[in-house]
Amino acid sequence: MRKIISLAPGRTCLFGDHQDYLGLPVIACAIDRNIKLTATQNDTYTFVLNMIDINEVRTIAIDATFDTLEPRDYFASSLRVLRRYGCVANVGYTITISGDIPINSGTSSSSALLMAWIRFLIEAFGVNHEVTPEFISKIGYESEVLEHGEPGGMMDHYSIGAGNVVYINTKTPFSYQVIRTHLQGLITGVSGVPKETIGLIGEIKGNALMSIAIVKQNFPDFDLNTAQITDIDHYRNCLPDRLIPFFEAALKNYHYTKEALKEFEKPVLDLKKVGGLMNQHHEVLRDLLKVTVPLIDAMINAALRAGAYGAKIVGSGGGGSIVVIANPEKENQVIEAILKAGAQEAYAVAVDPGVRIIENIEI
């Protein structure tokens, strides 16, 4: 009998929220909060999934084909995708899943679960492809976004799959690069307000794409990937008032992400400069895309008053978490300030190396 343990981290988005589905770049990082999947071979020809954190048990036949997918059933969609790559289950496993990533907080607990599951399946049953971080990330993206027709992008899967701090170029031809393996002064604050993902992303994505399409109709040479922040006033007059914020947000967030990349590529990272860019990014998310809630704003203001260099909401918005960059010597006082502002949790995080197998043994 075989025992396999896979581990997948959560992630935080430093720059580029609401950008990857527009083909614009993202800077994200895997953080050392994890989903742990422990699988022990059984003789039932089923996967018995014990999700202890949510007190649920699910049983899946190893030969299930899932011709029809239930919404957000990523266990099923990943089995379907992996079968196309020659990963076919031939024995059952009893699986225990637990973790310390806050659920529905904007730090990708669901994508981490998916990636831990995919890494386990590949380890247990093989695949007719070289197993690389990029391949595992690709399977995650196909399973969560493409199979279900969801509006999200690829940030979650590639930041969890590649680990570290990554710059993800989501424009075809796609590429990513690890730009840091460590980052000091990183803090996560969890609001406890459930985030709203699918509907919010769908609405913002739709409005952003509509604004870009209208600009291209009026200015055929317009290219979002070469546009500059100074171009906003040149193009905004062709847009209806309700779409201007979405177009402005796309160009501004793209600009701040490019400026942040310049800082990350320097031999010595200036946390104060990165924090300043993070604050500008958050202003766009708060004032133009309007994805914050009062508690999130209170947590961010408290962090900045306590001496943090920068802070922003993470992920789709409507609740969830914040990410903070602070002087490492002031971490404790910033964390205390975030908690006093009403956060459910706040803690320092370190950069994680990404999804991985930590045990594969005969028992």
Strictly by modelled atom types, are Y85 and E142 linked by a side-chain donor-acceptor pair under 3.5 Å? yes
Side-chain contact, heavy-atom cut-off 4.5 Å: T68 with F66? no
Would you confirm whether Q19, through its side chain, and Y254, through its main-chain N or O, come within 3.5 Å as a donor-acceptor pair? yes
Taking the six-membered ring for Trp, are Y74 and H148 parallel (under 30°), tilted (30 to 60°) or perpendicular (over 60°)? perpendicular
Between CG on residue D221 and NZ on residue K216, distance to nearest 0.5 Å: 7.5 Å
Which residues end up grouped with M1 if you chain together Ile, Leu, Val, Met, Phe, Trp and Tyr wherever their side-chain heavy atoms are less than 4.5 Å apart? I361, I363
For N164 and R180, which I'm curious about, is there any donor-acceptor pair between the side chains at under 3.5 Å? no
Ion pair K138/E134, N-O distance below 4.0 Å: no
When you check the side-chain N and O atoms of E144 and H157, is any donor under 3.5 Å from an acceptor? yes
Full working for side chain to side chain contact (heavy atoms under 4.5 Å, CB included) between Y167 and Y176: CA-CA 6 Å; Y167 174 81; Y176 76 90; over 6 Å; no
Could you check whether any side-chain heavy atom of I357 comes within less than 4.5 Å of a side-chain heavy atom of R119, counting everything from C-beta outward? yes
Could you check whether any side-chain heavy atom of I122 comes within less than 4.5 Å of a side-chain heavy atom of L82, counting everything from C-beta outward? yes
Sub-3.5 Å donor-acceptor pair from the side chain of S321 to the main-chain atoms of V190, do we have one? no
Which residue in the set V349, V351, I160 passes side-chain contact (heavy atoms from CB on, under 4.5 Å) when paired with I31? V349
Distance-only polar pair, side chains of T94 and N42, donor-acceptor under 3.5 Å: yes
Test item: D73 side-chain N/O and A76 main-chain N/O as donor-acceptor pair under 3.5 Å: yes
Check whether the side chains of R242 and N207 place a donor and an acceptor atom closer than 3.5 Å, and report yes or no. yes
For side chain to side chain contact (heavy atoms under 4.5 Å, CB included), just list the numbers for S143 and L114, CA-CA rounded to whole Å, side-chain angles, deciding distance to a tenth of an Å, and then say yes or no. CA-CA 8 Å; S143 301; L114 169 65; 4.2 Å; yes
Side chain to side chain, D100 and Y347, heavy atoms closer than 4.5 Å: no
Between the side chains of H18 and N253, is a donor N or O closer than 3.5 angstrom to an acceptor N or O? no
Mind checking the CZ-SG spacing from F15 to C29? Nearest 0.5 Å is all I need. 11.5 Å
Going by heavy atoms in the side chains, are L14 and L186 under 4.5 Å from each other? yes
Do Y93 and F120 pass the ring-ring contact (aromatic ring centres under 6.0 Å, His included) test, and can you show the C-alpha distance, the side-chain angles, and the key distance before you say yes or no? CA-CA 10 Å; Y93 278 84; F120 152 69; 5.1 Å; yes
